[in-house]
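Before any comments, here is the structure.
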Amino acid sequence: MKIKNILLIDDSEIDNFINKSVLEKANMVENIIAKTSAKEALEYLSNTENEFPNIIFLDIRMPEMDGFEFLNECENFPDELKNKCVIFMLSSSIDPNDALRAEQHKVVKKYLTKPLTQSTLENVVAHI
């Protein structure tokens, strides 16, 4: 199964690099877009010239706007766009409250622990 567009949202360029490398190695994605802030990602998603991603991997702890604030803003997108996209929280947080909070958002498919691995990616594809 080939996924057309994936958006990585993480303030760590190293994590984005690792995640992008895993995705490229799996050869399952046509386009990988990486953004280093939630605000930058929202601007990207708001631009109608950009194709809405099929999957978003979203970090929680980011400066300026965290992953949960990003999720709240995503609620403003039209349903026809939101329904095309699956969001996975991808975090290094070990706080169980973060996982519970992520699961309360209906747009979040699953809470995953960093880093993205081939095994995790296979699990993700099984959920879409």
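Computed from a predicted model, the values in this text were never measured in an experiment.
You'll find the side chain of K4 stays beyond 4.5 Å of the side chain of V29, heavy atoms only. Under the 4.5 Å side-chain criterion, counting only non-hydrogen atoms from C-beta, V22 is not in contact with T117. Two residues are said to be in side-chain contact when any heavy atoms from C-beta on lie closer than 4.5 Å; I6 and N31 fail this criterion. M89 places none of its side-chain heavy atoms less than 4.5 Å from the side chain of T113. When side chains are defined from C-beta on, L23 counts as touching L8, because their heavy atoms get closer than 4.5 Å. Between N50 and L45 the shortest side-chain heavy-atom distance does not fall below 4.5 Å. You'll find the side chain of L71 reaches within 4.5 Å of the side chain of V107, heavy atoms only. At least one side-chain heavy atom of V124 sits under 4.5 Å from a side-chain heavy atom of L112.
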Full working for side-chain contact (heavy atoms from CB on, under 4.5 Å) between E75 and K106: CA-CA 10 Å; E75 292 298 324; K106 64 181 179 178; 4.1 Å; yes

Apply side-chain contact (heavy atoms from CB on, under 4.5 Å) to the pair I56 and V86, showing each step before the final yes or no. CA-CA 6 Å; I56 296 175; V86 179; over 6 Å; no

Set out, in order, the CA-CA distance, both residues' side-chain angles and the distance that settles side-chain contact (heavy atoms from CB on, under 4.5 Å) for R61 and D95, then state yes or no. CA-CA 11 Å; R61 305 269 185 254; D95 183 349; 4.2 Å; yes

Residue pair L42, F77: steps toward the side-chain contact (heavy atoms from CB on, under 4.5 Å) verdict: CA-CA 10 Å; L42 283 172; F77 286 108; 3.9 Å; yes

Take R101 and D98 through the test salt bridge (charged side-chain N to carboxylate O under 4.0 Å, His left out) and record every step on the way to the result. CA-CA 5 Å; R101 192 170 168 201; D98 283 339; 5.2 Å; no

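In terms of heavy atoms, S91 sits closest to S93 at OG-N, 3.0 Å. When all heavy atoms of P53 and C85 are compared, the pair lying nearest together is O-CB, 3.3 Å. Shortest non-hydrogen contact noted between E64 and E69 is O-OE1, 4.0 Å. The minimum heavy-atom distance between C74 and K82, with the atom names listed, is O-CD, 3.3 Å. The heavy-atom pair separating A102 from Y111 by the smallest distance is CB-CD1, 3.8 Å.
By the rule that hydrophobic residues join a cluster once side-chain heavy atoms approach within less than 4.5 Å of another member, M65 and I33 end up as members of one cluster. Hydrophobic clustering (ILVMFWY, side-chain heavy atoms < 4.5 Å, transitive): L121 and V108 are in distinct clusters. Linking ILVMFWY residues whenever their side-chain heavy atoms come closer than 4.5 Å, directly or via other members, leaves L58 and I55 in distinct clusters.
Interatomic distance, F70 CZ to M62 CE, rounded to the nearest 0.5 Å: 7.5 Å. The distance from the CD atom of E24 to the CG atom of N19 is 11.0 Å, given to the nearest 0.5 Å. A distance of 8.5 Å separates CD1 of I60 from OG of S92, quoted to the nearest 0.5 Å. For the atom pair CG of L81 and CD of E51, the computed distance is 10.5 Å after rounding to the nearest 0.5 Å. Note: L116 CG to K20 NZ = 13.5 Å, rounded to the nearest 0.5 Å. Atom OG of residue S37 and atom CG of residue D66 lie 12.0 Å apart, to the nearest 0.5 angstrom.
Take E103 and apply the side chain to side chain contact (heavy atoms under 4.5 Å, CB included) test, not counting sequence neighbours, and it matches L100. F88 meets the ring-ring contact (aromatic ring centres under 6.0 Å, His included) test with F57; sequence neighbours excluded.
A 6.0 Å sphere centred on CD of E80 holds more than 12 heavy atoms belonging to other residues, nucleotides or ligands.
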Output side-chain donor-acceptor pairs under 3.5 Å for residues 10-17, partner residues at least two apart or in another chain, one line each.
from: D10; atom 1: OD1; to: S12; atom 2: N; distance (Å): 2.9
from: D10; atom 1: OD2; to: K114; atom 2: NZ; distance (Å): 2.7
from: S12; atom 1: OG; to: I14; atom 2: N; distance (Å): 3.4
from: S12; atom 1: OG; to: D15; atom 2: N; distance (Å): 3.0
from: D15; atom 1: OD2; to: K114; atom 2: NZ; distance (Å): 2.8
from: N16; atom 1: ND2; to: D10; atom 2: O; distance (Å): 3.0
from: N16; atom 1: ND2; to: K35; atom 2: O; distance (Å): 3.4

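Using bins of under 30°, 30° to 60° and over 60° for the plane-to-plane angle, the ring pair H105/F68 lands in the parallel bin.
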